[in-house]
Number of protein chains: 2
Amino acid sequence: MNTMTTAKTTPTAEDDGLEEVVFDVFARGCPSRPTMEHVTGRWGGLVLVALADGDLRFNALRRRVDGISEKMLAQALHALERDGLVVREVKQAIPPNVEYRLTEFGSGVVERLQELIGFVEGNMAGVLAAQQRYDTAKANAEAGA
Amino acid sequence: MNTMTTAKTTPTAEDDGLEEVVFDVFARGCPSRPTMEHVTGRWGGLVLVALADGDLRFNALRRRVDGISEKMLAQALHALERDGLVVREVKQAIPPNVEYRLTEFGSGVVERLQELIGFVEGNMAGVLAAQQRYDTAKANAEAGA
DNA sequence: CAGCATCCAAGTTGATACTG
DNA sequence: CAGTATCAACTTGGATGCTG
């Protein structure tokens with residue numbers, strides 16, 4: 001297991017010239033890993049979800065995703081655009097007007113992302129409690145040592 | 001918007017002494033951000049999903065999550081345990097035997113995570129195509145410049 | 001407004017060695 | 001087996017200044 005360095009063909013792929021390819025994030029060299037990292041990374045996910053409510057311009061996005069720097073936003077947008085999650089639309093005008101919009105694929109990703117985020121947010125009270133238990137338990141262990 | 005530096009109480013929270021608290025990953029200081037990062041970060045998600053098939057021991061996990069170092073695995077496990085996503089179970093024995101298991105909350109997170117991963121993996125062919133389009137378009141733009 | 005280039009501080013990562 | 005400790009290499013992120 002996990003000797004795969006890139007996507008491999010399935011054993012069941014029919015020999016019709018269009019071999020079925022399987023992608024697996026668990027495999028070190030699978031191209032799905034970088035894409036997952038763009039989607040779930042520190043900023044990518046927030047940028048995607050911010051676009052769920054409607055198209056936004058660069059600086060509007062920057063305001064929406066609290067704390068992101070110009071550089072990181074540009075970097076995230078490039079990666080998302082390259083992966084086909086986001087489309088960059090330039091409207092010739094002065095001042096320049098550039099809008100970012102989710103693709104269909106991007107929307108699908110956002111749906112799933114929002115379910116995950118919603119679930120985590122909804123359980124944060126429990127998380128906070130768990131953290132307290134963990135911290136006091138560790139403090140006691142250290143005191144007892 | 002986004003002036004929130006920590007979780008805030010909702011405007012509609014009844015004054016019953018148990019104020020409803022809203023968590024929002026978009027807010028810079030919200031405790032849900034670090035938790036989301038543990039869940040979606042480079043290793044956290046893979047570790048969680050690896051545990052979906054059953055409890056695993058430290059070194060078994062290490063083999064399963066291809067490419068993770070000892071240090072990163074230990075670090076990820078600590079964070080996940082502290083957030084209440086994973087339980088660490090020590091079975092006194094020689095040699096030492098420590099198993100990691102998902103909590104109920106952890107399982108819920110994994111479900112959502114798997115939907116996201118599955119969706120992305122299932123669309124990787126399109127991603128690869130998008131990347132090629134993007135790269136050749138950029139190459140042309142540079143050549144024309 | 002939209003964004004790139006550069007520099008530098010700070011954080012992250014991974015090998016390696018060692019402990020209980 | 002199940003980790004911790006340490007250190008060097010690499011990556012990240014942000015502030016700043018500039019272009020179209």
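Lettering of chains follows the sequences in order, A, B, ..., and the numbering in each one begins at 1.
A chain of hydrophobic side-chain contacts below 4.5 Å, direct or via other Ile, Leu, Val, Met, Phe, Trp or Tyr residues, connects B/L80 to B/V98.
Residues from residues 34-60 of chain B placing a heavy atom under 4.0 Å of any atom in DNA chain D, listed by number, are B/R57, B/F58, B/N59. Listed by residue number, the members of residues 70-84 of chain B with any heavy atom below 4.0 angstrom from DNA chain D are B/E70, B/K71, B/A74, B/H78.
When every heavy atom of B/E121 is checked against every heavy atom of A/V25, the shortest pair comes out as OE2-N, 2.9 Å. Residues B/V47 and B/L73 share a closest heavy-atom pair of CG2-CD1, 3.9 Å. Contact between A/P31 and A/P34 at its shortest, heavy atoms only, is O-CD, 3.3 Å.
Remark: B/R33 pairs with no residue by the side-chain hydrogen bond (donor to acceptor under 3.5 Å, both in side chains) rule, at least two apart or across chains. The side-chain hydrogen bond (donor to acceptor under 3.5 Å, both in side chains) check on A/N59 picks up nothing, with sequence neighbours excluded. With sequence neighbours excluded, no residue satisfies ring-ring contact (aromatic ring centres under 6.0 Å, His included) with B/F58. Taking A/E37 as the reference, B/R42 meet the salt bridge (charged side-chain N to carboxylate O under 4.0 Å, His left out) condition, with sequence neighbours excluded.
Residues in residues 106-120 of chain A take part in no side-chain hydrogen bond (donor to acceptor under 3.5 Å, both in side chains) pair, two or more places apart or across chains. Residue pairs satisfying the ring pair (Phe, Tyr, Trp, His ring centres under 6.0 Å) criterion with at least one member in residues 27-50 of chain B, sequence neighbours excluded, are absent. Listed by first and then second residue, the ring pair (Phe, Tyr, Trp, His ring centres under 6.0 Å) pairs that reach into residues 71-111 of chain B are A/F119-B/F105, sequence neighbours excluded.
Contact footprint of chain A on DNA chain D: nucleotides with an atom under 4.0 Å from a non-hydrogen protein atom, first to last in 5' to 3' order, D/dG13 to D/dG20. When DNA chain C is scanned in the 5' to 3' direction for atoms under 4.0 Å from non-hydrogen atoms of chain B, the outermost contacting nucleotides are C/dT13 to C/dG20.
One end of the helix from C/dC1-D/dG20 to C/dG20-D/dC1 points its axis 50° away from the other end's axis, with each axis taken from 5 pairs and the angle rounded to 10°.
The line from CZ of B/R133 to CG of B/L128 is 11.0 Å long, rounded to the nearest 0.5 Å. In this structure, CG on B/L51 lies 10.0 Å from CD on B/E99, to the nearest 0.5 angstrom. To the nearest 0.5 Å, atom CG of residue B/L102 and atom CG of residue B/D53 are 9.5 Å apart.
The residue from B/T35, B/T40, B/D83 that alone fulfils the side-chain contact (heavy atoms from CB on, under 4.5 Å) condition with A/V120 is B/T35.
Nearest-nucleotide assignment on DNA chain C puts the 5′-proximal partner with A/R88, out of A/R88 and B/P96.
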